[in-house]
Amino acid sequence: MHQERAILVSVLIFLIFRFCTCIDTITLTRPLKDGDILVSNGETFALGFFNPANSSNRYVGIWYNKVSEHTVVWVANRDRPITNSSGIQSIDETGNLVLHEKDQSFVFWSTNVSRVVNDVFSAQLLNSGNLVLFQGLVNKEVYSWQSFDHPSNTLLPGMKFGLDRKTGLNKVVTSWKSSGDPGVGDYSYKMEFVGPTQLFLYKGMTRIWRMGSWTGHGWSGVPAMTQNFIFNVTYINNNDEVAVVYLIRNSSILSRLTVNESGTVERLTWHGPDQRWIGFWSAPKEQCDAYNHCGPFGFCDPNKSGTFECDCLPGYEPQSPQDWYLRDGSKGCKRKVGTQMCEVGDGFVELVRAKVPDTSTARVNMSLGLEACKEMCLRNCTCLGYASADISKGAAEGGCITWYGNMIDARTFPDGGQSFYIRVDATELGT
Ligand SMILES: *[C@@H]1O[C@H](CO)[C@@H](O)[C@H](O)[C@H]1NC(C)=O
Ligand SMILES: *[C@@H]1O[C@H](CO)[C@@H](O)[C@H](O)[C@H]1NC(C)=O
Ligand SMILES: *[C@@H]1O[C@H](CO)[C@@H](O)[C@H](O)[C@H]1NC(C)=O
Ligand SMILES: *[C@@H]1O[C@H](CO)[C@@H](O)[C@H](O)[C@H]1NC(C)=O
Ligand SMILES: *[C@@H]1O[C@H](CO)[C@@H](O)[C@H](O)[C@H]1NC(C)=O
Ligand SMILES: *[C@@H]1O[C@H](CO)[C@@H](O)[C@H](O)[C@H]1NC(C)=O
Ligand SMILES: *[C@@H]1O[C@H](CO)[C@@H](O)[C@H](O)[C@H]1NC(C)=O
Ligand SMILES: *[C@@H]1O[C@H](CO)[C@@H](O)[C@H](O)[C@H]1NC(C)=O
Ligand SMILES: *[C@@H]1O[C@H](CO)[C@@H](O)[C@H](O)[C@H]1NC(C)=O
């Protein structure tokens, strides 16, 4: 009899450890106390209280459940740590997920969305790493809040990054203050919508790197991205939203994009055998990545190693030859003396393997091919250059970008990039 019971117990223990009986949900009656951990169904992510390296402050965060190097991908109370282990995350009577201390009313963090009183709410950690606050228990299609809409320093696969045109919410990824402080740091990464959509990295209020506009394959500032095959990338631009979504083709590969504390955007993948994160790409990396490094109408050429990396676009010359001589390109270039703009005989000079200039002063027309684009640009004296808007589609179908103001932050790449055509006069064309 005893023996049978012992067998039964060990079978039960086996079953418990064999299959995840993980709890992935916070409900009104089941809050999350410091020390409790939610594990997503699928066991990829965990949510709970943690303290960063060399800090005793407590934060609620989401991390990879099975990655040996504790890697936090989202933090709730970034700038309001709890100083002891009395924290509780629970659903309050207004249907919000809130973080407070036991028996205390001060709110450290709140989803701050719902004002509905008479409904049932639950918060579930999905296996994508998304913490979702659902309204009602039956229809889990309706959510009132999700952590994917409020990224910390990390973008995960499946997260839409960009602007929700209906709510006006533009997602921003911000670095931690330091490895010991997940508070909102100096560096931020976001989409901007002056002219065609572009992605920028900021330090404070200053742009430090332009990832550029969508070229059909990827972003104009990261030509290497076109060759990778572990993702499929979808760019969405419609009346509801403009966003980019990365999916990993093989779901057993863990990959994340982070803006780290030293101001680098890095994509990392987890390498199981070595138990470490491996860099897939990162930026900014070199002088030519620095935003506006060579000023208006200049461009940066990393292949000019040994000499000054800045150059003027065809038809332009340094604004200040003295600065240029001292290798300061910031004033940029001006139209060459003696050239006549908008006379008969204007044409274009091609810059190959280029990152096209900042499109803040540009316009896009997706119904024009490259040839029609050239004609349109030639007809309008204020048009200074053009390029294909979507290089994945070929010249006829790829749309048209035209520039009308200062052309800044252009560069060339050793590989990849696209052709960019700069307006010049007949004399320049002859040379
Ligand atoms: C934590 O502090 C120790 C000792 O000061 C230091 O060696 C270590 O690099 C720190 N770790 C982090 C992640 O900052
Ligand atoms: C935790 O700290 C708060 C003040 O920040 C205090 O009111 C509370 O009593 C402390 N709880 C414990 C268990 O020490
Ligand atoms: C909730 O949102 C309101 C309005 O946006 C804001 O004034 C308030 O500070 C927020 N509360 C918390 C706890 O974030
Ligand atoms: C991207 O990959 C995912 C996972 O393999 C797949 O479900 C999805 O349909 C793919 N999307 C595109 C646009 O290829
Ligand atoms: C997915 O990745 C895992 C681990 O890297 C590998 O063992 C597996 O063969 C891959 N599956 C496919 C379909 O490529
Ligand atoms: C940020 O990323 C770059 C490039 O991967 C790396 O060299 C640097 O050490 C990282 N900084 C931190 C604080 O992790
Ligand atoms: C795009 O070009 C076509 C053909 O010239 C023109 O009919 C259309 O109005 C243009 N669209 C925009 C948004 O300028
Ligand atoms: C030239 O282009 C600019 C900017 O798109 C526009 O404002 C202007 O009307 C155009 N001029 C002509 C003659 O089409
Ligand atoms: C770099 O410059 C050299 C000499 O000007 C040229 O031969 C070579 O093709 C260039 N390489 C690239 C990748 O642009």
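Below, each value reflects all heavy atoms present in this structure, side chains not excepted, and no hydrogens, waters or symmetry copies. Residue indices begin at 1 and follow the sequence shown. Numbering of ligands and ligand atoms starts at 1, following listing order.
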Inset, instruction - Take Ser255 and Phe231, measure what side-chain contact (heavy atoms from CB on, under 4.5 Å) needs, and give me the verdict at the end. - result: CA-CA 10 Å; Ser255 164; Phe231 315 105; 3.7 Å; yes
Inset, instruction - Show your working on side chain to side chain donor-acceptor pair (under 3.5 Å) between Arg78 and Thr174 and close with a plain yes or no. - result: CA-CA 11 Å; Arg78 292 185 72 177; Thr174 47; 2.7 Å; yes
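Checking side-chain atoms of Ser40 against main-chain N and O of Gly42 turns up no donor-acceptor pair under 3.5 Å.
Shown in contact with Leu368 at under 4.0 Å from a heavy atom are these atoms of ligand 7, numbered in order with element: 2 (O), 4 (C), 5 (O). Heavy-atom proximity to Ser367, at under 4.0 Å, picks out these atoms of ligand 7: 1 (C), 2 (O), 3 (C). Close contacts of ligand 5 with Ser252, meaning ligand atoms under 4.0 Å from a residue heavy atom, involve 1 (C), 2 (O), 3 (C), 4 (C). Near Ser86, with a cut-off below 4.0 Å to any heavy atom, the atoms of ligand 2 are 1 (C), 11 (N).
The aromatic rings of Trp209 and Trp281 sit tilted, their planes meeting at an angle between 30° and 60°. Ring geometry, Phe50 versus His70: the interplanar angle falls from 30° to 60°, so the pair is classed tilted.
At a threshold of 4.5 Å between non-hydrogen side-chain atoms, the residues Thr111 and Trp109 count as touching.
Using a cutoff of 4.0 Å between basic side-chain nitrogens and carboxylate oxygens, Arg353 and Asp415 are not scored as salt-bridged.
For atom 2 (O) of ligand 7, the nearest protein heavy atom lies closer than 4.0 Å. Protein non-hydrogen atoms do reach within 4.0 Å of atom 5 (O) of ligand 7. For atom 9 (O) of ligand 5, the protein comes within 4.0 Å by no heavy atom at all.
For atom 11 (N) of ligand 5, the nearest non-hydrogen atom from the set Leu254, Asn250, Thr269 comes from Asn250.
Among all protein heavy atoms, the one lying closest to atom 14 (O) of ligand 2 is Asn84 ND2, 3.2 Å. Residue, atom and distance of the protein heavy atom nearest to atom 7 (O) of ligand 2 are Gln104 NE2, 3.9 Å.
Looking at Lys102 against ligand 2, nothing comes within 4.0 Å, counting heavy atoms.
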